[in-house]
**Student:** 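Encoded as structure tokens, here's the structure I'll be asking about.
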Amino acid sequence: MRLFFSKQNTIYTLKMKYNFSEIEQKWKQYWKDQNTYAVSNDIDKPKHYVLDMFPYPSGAGLHVGHPLGYIASDIYSRFKRMQGYNVLHPMGFDAFGLPAEQYALDTGQHPAVTTEKNIARYKEQLDNIGFSYDWSREVQTCDPKYYKWTQWIFTQLFHSWYNTATGKAAPIAALIAIFEAEGNAQYPAPKGTVQFTAAEWASYDETTQRNVLMQYRLAYLDHAEVWWCEALATVLANDEVVNGVSERGGHPVEKRKMRQWFLRITSYADNLLHSLDKLEWSEAMKEMQRNWIGKSEGAQITFGIDNSDAQIEVFTTRPDTIFGVDFMVLAPEHELVLSITTEEQKAAVETYIAYVKSRSERERMAEKKISGCFTGAYAIHPLSKKLIPVWISEYVLAGYGTGAIMAVPSGDERDFAFAQHFNIEITNIFGTHFTGEKAYTDKNVTIENSEFVSGMSIADATQAVLKSVEESNSGRRTTNFRLRDAGFSRQRYWGEPFPIVYKNNIPYTIDEPALDLKEADRSLPVLLPHVDTYKPGPNGEGPLANIDSFVNVTNNKGEVLRRETNTMPGYAGSSWYFLRYMDPNNEHLFVQPELAQYWNQVDLYVGGTEHAVGHLLYSRFWTKALHDLGFITFDEPFRKLLNQGMIQGSSRFVYRIAGTNQFVSSGLKNEYTTNALHVDVSMVDGTELDMEAFKNWRAEYADATFILEDGKYICGSEVEKMSKSKYNVVNPDEIVSQYGADTFRLYEMFLGPIEMSKPWDTKGIEGVHRFLKKLWRLFFDEQTEQWLVTDEDATKDELKALHKTIKKVSDDIEKFSFNTTVSQFMIVTNELHDLKCHKKAVLEPLVCLLAPFAPHLAEELWHKLGNEYSIAHASFPVYDEQYLIESSKLYPVAINGKHRTNMEFAMEAAQDDIEKEVLANEVVQKWMEGKPHKKIIFVKGRMINVIV
RNA sequence: GCGGAUGUGGUGAAAUUGGUAGACACGCUAGACUUAGGAUCUAGUGCCGCGAGGCUUGGGGGUUCGAGUCCCUCCAUCCGCACCA
């Protein structure tokens with residue numbers, strides 16, 4: 001049996017050993033007592049705002065992947081603070097959401113209770129890692145003091161419209177004034193078709209007027225499809241629907257239209273697109289937003305229907321191909337489908353629609369199998385007057401464009417595949433370019449076989465067709481966006497209630513005089529009521545519909561009115577939280593203007609790419625709307641964005657021989673038929689399984705037997721997402737207690753570039769831990785328990801090592817290249833050990849450099865060096881070029897591009913002299929094999945290459 | 001399907017942006033010190049080869065005196081896709 005010696009024994013016998021747990025506890029307490037990280041609104045100081053995407057506090061707690069970005073932003077914050085900036089670096093919680101509600105459904109525990117518990121746990125875990133947050137500025141989106149202002153912003157959006165003439169949101173009162181003066185001829189509704197004069201407007205009753213205004217509001221009611229599960233009598237989120245059935249219970253689901261709130265983000269599509277240019281985000285991230293917004297220029301063209309008054313509007317980016325139209329395709333949900341379908345096709349169309357109802361949008365887009373159904377109807381070509389069959393197919397989506405396309409199989413791949421599959425004859429409009437084998441999609445071509453545009457380029461043909469359809473009133477130029485208005489309703493409990501009450505089925509915000517609500521019901525926040533059950537309400541409504549005392553409001557006239565029972569989605573609270581940190585306790589304003597002006601944009605925003613198009617787009621939209629309405633002075637929330645990668649789990653597998661309780665080691669598994677099973681990574685050292693631990697893991701493995709290789713059971717491994725179900729989760733608390741927070745912080749940074757995904761490997765942490773111990777030994781002799789630091793003057797070599805490090809560290813932090821910074825710390829520590837340097841003149845600046853990375857250890861050494869204030873307020877060292885100048889360079893010398901030897905030359909040596917010396921060199925002569933040199937390439941300070 | 005990214009030793013990675021590929025670590029091998037080692041120190045460690053030397057940055061091709069880096073092409077893996085947040 002092996003003997004294990006406890007760490008504690010050694011720690012207490014050697015006092016001067018690096019005792020991270022003692023050090024870290026001491027300074028955490030000190031920072032707390034001294035309020036070291038409290039941020040004042042000192043508006044005379046230069047500011048820097050460093051923000052993390054706040055977490056959703058899940059029941060599972062943090063795993064080692066979560067803090068990666070937090071560590072990076074903390075390093076940057078501490079760095080900026082030491083450079084003299086007033087740094088706002090807050091943290092909070094995105095605390096409304098589906099998981100807490102699901103947990104409540106399963107266990108009956110109130111989401112408020114579990115959320116509070118989870119937040120407490122998160123804070124404890126975060127504090128463990130030594131972050132420099134100002135917790136007095138914490139926000140929680142589920143706190144009524146916070147969501148009061150989320151509701152307030154919603155109210156502003158409800159009472160606003162987007163004025164296309166000014167390109168800005170404006171109060172709805174201004175729109176009403178316009179309607180009263182001139183009707184809406186100059187201000188058509190974004191998606192509506194109503195037109196009226198001032199006189200007509202005046203003649204409308206309140207209901208009609210409100211309905212018209214609804215078509216303009218930035219927050220508005222409309223109808224949209226949601227996943228409906230009859231068995232659960234509820235609406236489901238996309239990820240609650242798996243393989244076409246509900247995740248819970250596996251019940252069938254279908255899409256159903258419901259009245260929902262929306263935010264008119266599409267009004268800002270162009271603005272959101274163009275102002276990307278002024279942001280310091282990665283091109284990849286901007287590209288994702290551009291694609292999401294999906295601007296495309298084209299035309300909307302109207303096709304009549306034979307024997308019908310109905311008209312089909314299509315959107316196309318290729319009006320030039322209009323004479324190549326061989327069929328039309330409507331989205332199966334298109335409103336005209338049932339009315340134009342002929343009797344003979346009715347049954348087939350209905351069957352097809354039923355099939356599509358069970359399909360998610362993503363399935364439809366990814367589907368390679370072609371499907372569709374002929375409606376029996378024929379459209380009339382607006383120019384050639386030819387009759388064109390009208391089909392429906394899932395590849396046309398109702399939400400994009402007009403939900404209908406003109407199909408040009410010779411020029412579009414999907415149309416081509418569709419035509420082939422259904423044997424639709426293809427018109428060739430590209431002459432010899434189109435072979436009949438596949439669609440011709442190249443844009444550099446002459447259009448043929450197309451009446452008056454034959455022989456034209458695509459550009460010319462596009463203009464000619466547009467002119468023609470505009471003249472015949474059958475089409476117009478339009479810009480289409482892929483971006484859709486944001487669905488803002490959830491039929492759920494755990495979210496912000498809407499500050500909306502209905503009167504005569506018309507929504508009003510609670511403060512509107514028309515409702516005449518009692519004082520108590522007229523002010524924000526509308527509190528989320530306590531419930532006893534989280535079951536859905538009737539008719540697909542959320543749980544709030546079950547609570548009569550919430551739903552019914554009696555106004556001053558004694559009328560019983562009805563509250564909105566939907567709640568807001570998860571992104572409501574997260575769309576503006578960065579503003580609240582600036583002034584978190586203000587009871588009168590969502591943020592005081594002077595503070596918003598001072599703290600301004602977030603200078604560095606750190607978070608994962610998974611938010612590329614959701615959260616980041618919505619926050620930009622809210623910021624722009626708040627800016628237009630005059631509440632803040634900037635129209636982009638996040639100036640610079642840093643995306644951290646994911647830390648993946650490294651899973652371990654054992655291989656059970658099929659039908660037995662015998663497990664075979666990884667290397668021998670191919671000799672048997674086996675099933676791979678995840679095992680908990682904590683039972684595996686590297687890849688070697690602790691067989692005893694495994695037997696004790698679960699009763700079913702108690703009498704497991706093993707087939708070993710070299711006396712060991714070796715596990716298989718695979719990199720996967722870190723998750724409980726894969727038993728590969730590593731908890732930061734464990735790492736911190738074993739190695740300390742400073743080691744943990746350094747190791748996460750050392751793992752690789754911050755924006756890259758990488759697997760977690762606990763084994764590698766020894767390296768950085770060793771480095772900290774080695775650094776410690778520059779200050780202390782562990783054997784003699786002596787403080788080694790002296791006041792001697794530093795040598796040239798020592799200063800060079802120091803200043804090289806100052807330069808590298810400062811440059812790398814600005815580039816967010818933290819992994820190379822840690823390497824540099826290791827390099828300089830190795831160098832100082834070799835130089836036996838224990839001089840304060842070198843070590844003190846070094847401690848300051850290290851402070852953002854390993855704040856506890858740095859604080860300890862800083863105080864041991866005789867400083868009385870926190871290192872958080874020390875100055876970051878600045879390098880001096882004079883210590884870095886090199887007088888000579890060891891050049892690599894290559895012959896014909898192959899590196900053969902190295903030769904040292906003075907930096908100032910003349911090229912002629914260098915060439916002479918190189919040619920005279922023995923090694924060089926050997927490789928030149930007596931041949932004359934053609935030329936010599938000399939790059940000063942870099943290399944020498946001799947060509948023969 | 002669309003969009004975004006990534007491929008370099010046994011492993012995580014570095015490379016001054018076109019100039020000595022593999023810094024810094026992990027792991028491994030050998031040794032020193034030690035009552036002990038999961039402390040510390042020393043040496044070695046991309047691959048092939050006894051050696052001289054050759055090969056090597058996912059595969060193939062190209063530009064260049066010189067390519068991990070630029071261009072073309074193919075392959076593989078990961079992430080997102082609108083009600084998870």
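Reckoned from all heavy atoms, side chains included, excluding hydrogens, waters and symmetry mates. Please read these numbers as outputs of a predicted model, since none were measured by experiment. Within every chain, numbering begins at 1; the chains are lettered A, B, ... in the order of the sequence lines, protein sequences first and strands thereafter.
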**Student:** If you check every side-chain atom of A:Lys898, which of B:C78, B:G4, B:C55 has the closest atom?
**Tutor:**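 Of the options given, the side chain of A:Lys898 lies nearest B:C55.
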**Student:** Taking only the P atom of each, what is the distance from B:G10 to B:C2 in whole angstrom?
**Tutor:**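 Per the computed distance, 36 Å lies between those P atoms.
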**Student:** Taking the side chain as everything from C-beta on, heavy atoms only, tell me whether A:Phe825 gets closer than 4.5 Å to A:Val809.
**Tutor:** yes
**Student:** Salt bridge check, A:Glu333 against A:Arg364: does any charged N sit closer than 4.0 Å to a carboxylate O?
**Tutor:** yes
**Student:** Tell me what A:Lys940 touches on the nucleic acid: a base, only sugar-phosphate, or nothing, going by heavy atoms under 4.0 Å.
**Tutor:**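 Result for A:Lys940 = nothing.
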**Student:** Base, sugar-phosphate, or nothing: which does A:Lys721 touch, judged by heavy atoms less than 4.0 Å apart?
**Tutor:**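 Sugar-phosphate contact only.
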**Student:** Heavy atoms only, 4.0 Å cut-off, all strands: where does A:Lys773 land among base, sugar-phosphate and nothing?
**Tutor:**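 A:Lys773: backbone/sugar contact only, no base atoms under 4.0 Å.
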**Student:** Identify the nucleotide, in any strand shown, that forms a Watson-Crick or G-U wobble pair with B:A32, with both distances under 3.5 Å; if there is none, say none.
**Tutor:**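 Check on B:A32: paired to B:U40, both distances under 3.5 Å.
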**Student:** Using a heavy-atom cut-off of under 4.0 Å over every strand shown, decide if A:His611 touches base, sugar-phosphate, or nothing.
**Tutor:** base
**Student:** In whole Å, what separates the P atom of B:G4 from that of B:U73?
**Tutor:** 16 Å
**Student:** Indicate, with a heavy-atom threshold strictly under 4.0 Å, whether A:Gln824 touches base, sugar-phosphate, or nothing.
**Tutor:**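 A:Gln824: no heavy atom of the nucleic acid under 4.0 Å.
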**Student:** By the 4.0 Å heavy-atom rule, please label A:Trp292 as base, sugar-phosphate, or nothing.
**Tutor:**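 It contacts base atoms.
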**Student:** Taking only the side-chain heavy atoms of A:Ala237 (C-beta and beyond), determine which of B:G4, B:U20, B:C83 contains the nearest atom.
**Tutor:**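 So the side chain of A:Ala237 is nearest to B:C83.
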**Student:** Which is true for A:Ile765 with a 4.0 Å heavy-atom rule: it touches a base, it touches only sugar-phosphate, or it touches nothing?
**Tutor:** nothing
**Student:** Using the purine O4'-C1'-N9-C4 or pyrimidine O4'-C1'-N1-C2 torsion, is B:U17 syn (within 90° of 0) or anti?
**Tutor:**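 Syn, which is what one calls it when the glycosidic angle falls within 90° of 0.
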**Student:** Select base, sugar-phosphate, or nothing to describe what A:Arg770 touches, counting heavy atoms under 4.0 Å on all strands.
**Tutor:**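 Touches sugar-phosphate only.
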**Student:** Write down the distance separating the C1' atoms in B:C79 and B:G66, rounded off to the nearest Å.
**Tutor:** 37 Å
**Student:** Given the P atoms of B:C65 and B:G58, what is the spacing between them in whole Å?
**Tutor:** 25 Å
**Student:** Would you mind building the protein contact string for nucleotides 10-17 of chain B? One character per nucleotide, 5' to 3', B for base within reach (heavy atoms under 4.0 Å), S for sugar-phosphate only, - for untouched.
**Tutor:** --BSS-BS
**Student:** Could you check whether A:Gly97 gets within reach of a base, just the sugar-phosphate, or nothing at all, counting any heavy atom under 4.0 Å?
**Tutor:** sugar-phosphate
**Student:** Whole Å only: how far is the OH atom of A:Tyr18 from the P atom of B:G38?
**Tutor:** 22 Å
**Student:** Any chance the side chains of A:Gln260 and A:Asp222 put a donor and an acceptor closer than 3.5 Å?
**Tutor:** no
**Student:** Need one value for A:Arg777: base, sugar-phosphate or nothing, where a base atom within 4.0 Å counts as base even if backbone is also close, heavy atoms only.
**Tutor:**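 Sugar-phosphate: the residue A:Arg777, judged by heavy atoms under 4.0 Å, touches backbone atoms but no base.
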**Student:** Rounded to whole angstrom units, what separation is found between the CG atom of A:Asn291 and the C1' atom of B:G4?
**Tutor:**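 Rounded to the whole Å, the gap is 9 Å.
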**Student:** Describe the nucleic acid contact of A:Ser489 in one word from base, sugar-phosphate, nothing, applying a heavy-atom distance below 4.0 Å.
**Tutor:**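 Contact class for A:Ser489: base.
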**Student:** Judged by modelled atom types alone, do A:Trp576 and A:Thr150 share a side-chain donor-acceptor pair under 3.5 Å?
**Tutor:**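 On atom types as modelled, these side chains qualify, holding a pair under 3.5 Å.
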**Student:** Which part of the nucleic acid, if any, lies within reach of A:Leu98 when heavy atoms closer than 4.0 Å are counted: base, sugar-phosphate only, or nothing?
**Tutor:**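 The residue A:Leu98 makes sugar-phosphate contact but no base contact.
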**Student:** Calculate the interatomic distance between A:Gln289 atom CD and B:C81 atom C1'; express it in whole Å.
**Tutor:** 14 Å
**Student:** Ignoring hydrogens and geometry, is there a side-chain-to-backbone donor-acceptor pair from A:Lys295 to A:Ile293 under 3.5 Å?
**Tutor:**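 Between the backbone of A:Ile293 and the side chain of A:Lys295 there is no qualifying donor-acceptor contact (under 3.5 Å).
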**Student:** Between A:Tyr395 and A:Asp415, do the side chains contain an N or O donor and an N or O acceptor separated by less than 3.5 Å?
**Tutor:**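 A donor-acceptor contact under 3.5 Å links the two side chains.
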**Student:** Any donor-acceptor pair under 3.5 Å joining the side chain of A:Gln260 to the base of B:C83?
**Tutor:** yes
**Student:** Counting any heavy atom closer than 4.0 Å, what does A:Arg900 reach on the DNA or RNA strands: base, sugar-phosphate only, or nothing?
**Tutor:**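 It contacts sugar-phosphate atoms only.
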**Student:** What integer number of Å spans the C1' atoms of B:G18 and B:A67?
**Tutor:**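 It comes out at 7 Å once rounded to the nearest Å.
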**Student:** Does atom CD (A:Glu814) have a neighbourhood of more than 12 heavy atoms from anything else shown, all under 6.0 Å?
**Tutor:**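 Atom CD in A:Glu814 is crowded, with more than 12 foreign heavy atoms closer than 6.0 Å.
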**Student:** What integer number of Å spans the P atoms of B:C33 and B:U42?
**Tutor:**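 Going atom to atom, P in each nucleotide, I get 15 Å.
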**Student:** Paired with B:A52: which nucleotide, if any, by Watson-Crick or G-U wobble criteria at under 3.5 Å for both distances?
**Tutor:**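 B:A52 is paired with nothing.
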**Student:** Name the residue from A:Trp776, A:Tyr739, A:Phe744 that meets the ring-ring contact (aromatic ring centres under 6.0 Å, His included) definition with A:His769.
**Tutor:** A:Tyr739
**Student:** Less than 4.0 angstrom from a charged side-chain N to a carboxylate O is my criterion; do A:Asp811 and A:Lys807 meet it?
**Tutor:**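 Answer for the salt bridge query: yes.
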